[in-house]
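Structure first, commentary second.
Letters go in sequence order (proteins before strands), and every chain restarts at 1.
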Number of protein chains: 2
Amino acid sequence: MNAGVEWALHSCLNLTWIEPGETVTATKLAAFYDLPAAYLNKQLQALAKAGILASTSGPRGGFRLARRPEDITLLDVVTAIEGREEAFRCNEILRQGPGGRADVDYRAACLISQAMSGAELAWRKELAGRTIADLKAAVEVAFPSTPESTRHHLANV
Amino acid sequence: MNAGVEWALHSCLNLTWIEPGETVTATKLAAFYDLPAAYLNKQLQALAKAGILASTSGPRGGFRLARRPEDITLLDVVTAIEGREEAFRCNEILRQGPGGRADVDYRAACLISQAMSGAELAWRKELAGRTIADLKAAVEVAFPSTPESTRHHLANV
DNA sequence: GCACGCATACTCGGATACTGATTGTCCGAGTTGTCATGG
DNA sequence: CCATGACAACTCGGACAATCAGTATCCGAGTATGCGTGC
């Protein structure tokens, strides 16, 4: 799995703590964790294209959340970075085997494919059940100073 | 995810249908689905090293299941090929951020890491709940001729 | 003093190199079956 | 005819390349800001 997923999740979380209407540049988000700015920018672009972030060019520009944190699931973020296709992709090798038919969709018929897809569905379901807002709330309970600290660092550094 | 996982699962399943005590060479298992024999051999080696298959060298040699199909879960096979580490590996970027401590294990403390690990745990649990024997039984119900057909092809080709 | 136009600096966005893992291939170590040979 | 030993063929096992996705970087398009100029 791409390392960009971790960066994207942390960045989305940090963006929940900025003032409404404000934006943060990719450079500042990268400096926060000492990440390569240009590459993080690439990931943020993917999030923007997926409708999770909104981007503004020029001075005073940057990124901000495009929706409420309650409406952004972890699955949304992961899918935006990793793409929509499943980790286990069935190559339908049964088609090459004895008795293999060209007119059968083995992605649906193959029991191994079904089992692997079922497991991945459970994974997706788990991720879809948690939102950025959930994380935000949990962090604020565990570390009450984080919102103010994050806002401060993103504004000044 | 490695394509070898699909090959390994199908090969394990095919090995459930050979006569007890018999073995099948990597070449024959590869010819079954028209796969690159040497590369499949590499995957079978990994399964042997994990204790899922037993290998024999020399003439009349080959691979066979090392345990009963009931005792081989899908997770066992996936782990043998893919390795033990999680797909989402937390790089603990919080350590680089403001307030990051060197003596904290952020793999355990970071809430994002927890959420991602939780989802992966659900995935693992699903895979651990299905065995090769389950697949074997399901295939034999859906396609009753498969055992005899598979045994025949592996013996003759 | 005020409005307008221009230059400037800053940001995202996509096109372009680089690296490591996955994929694929090859040859050697080891073992078993076979055959020739001798008793 | 039977036992023995060497040979040969076949298999796994690990070491060695090729390819591709992921990683990282750079430069250009677009925009809001600030300044200078003219009215």
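Distance CD1/I93(A) to NE2/H10(B): 4.0 Å, rounded to 0.5 Å. L44(A) CG to C12(A) SG: the interatomic distance, rounded to the nearest 0.5 Å, is 8.0 Å. Note that SG of C110(B) and CE of M116(B) are 10.5 Å apart. Values are rounded to the nearest 0.5 Å. The CD atom of E148(B) sits 9.0 Å away from atom OG1 of T150(B), with the distance rounded to the nearest 0.5 Å. With values rounded to the nearest 0.5 angstrom, L47(B) atom CG is found 11.0 Å from T79(B) atom OG1. One distance of note links CD of Q96(B) with OH of Y106(B); it measures 10.0 Å at 0.5 Å rounding.
Annotation: the terminal axes of the helix from dG1(C)-dC39(D) to dG39(C)-dC1(D) meet at 0°, where each axis is the rotation carrying the C1' atoms of four end pairs onto the next four (5 pairs per end, rounded to 10°).
For residues 117-127 of chain A, the pairs satisfying side-chain hydrogen bond (donor to acceptor under 3.5 Å, both in side chains) are E86(A)-S117(A), with sequence neighbours left out. Residue pairs meeting the side-chain hydrogen bond (donor to acceptor under 3.5 Å, both in side chains) criterion with at least one member in residues 55-70 of chain A, sequence neighbours excluded, are R68(A)-D71(A).
Using a cut-off of 4.0 Å between Lys/Arg side-chain N and Asp/Glu carboxylate O, K136(A) and E140(A) are scored as salt-bridged.
Applying the side-chain contact (heavy atoms from CB on, under 4.5 Å) test to Q45(A) and every residue at least two apart in sequence or in another chain returns N41(A).
The separation between N41(B) atom CG and dG14(D) atom C1' is 10 Å, rounded to whole Å. Taking atom CG of L40(A) as the reference point, atom P of dG22(D) lies 17 Å away to the nearest angstrom. In this structure, CD of Q45(B) is placed 15 Å from P of dT25(C), rounded to the nearest angstrom. Counting to the nearest Å, the P atom of dG22(D) and the CG atom of N91(B) are 16 Å from each other. Between F63(A) atom CZ and dT11(C) atom P there is a gap of 11 Å when expressed in whole angstrom units. When the C1' atom of dG22(D) is taken as reference, atom CD of E6(A) falls 16 Å away, rounded to whole Å.
Residues from residues 52-61 of chain B that place a heavy atom under 4.0 Å from any atom of DNA chain D, listed by number: S55(B), T56(B), S57(B), G58(B), P59(B).
Toward the 5' end of DNA chain C, the nearer of the two residues A37(B) and K49(A), judged by each one's closest nucleotide, is K49(A). If you find the closest nucleotide of DNA chain D to T27(B) and to A38(A), the one lying nearer the 5' end belongs to T27(B).
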Taking N or O atoms only and anything under 3.5 Å, show me the protein contacts with nucleotides 22-24 of chain C, one pair per line.
{"from": "dT23(C)", "atom 1": "OP1", "to": "A3(B)", "atom 2": "N", "distance (Å)": "3.1"}
{"from": "dT23(C)", "atom 1": "OP2", "to": "Y39(B)", "atom 2": "OH", "distance (Å)": "3.2"}
{"from": "dT23(C)", "atom 1": "O5'", "to": "Y39(B)", "atom 2": "OH", "distance (Å)": "3.4"}

Take S11(B) and N14(B) through the test side chain to side chain donor-acceptor pair (under 3.5 Å) and record every step on the way to the result. CA-CA 5 Å; S11(B) 294; N14(B) 283 339; 5.5 Å; no

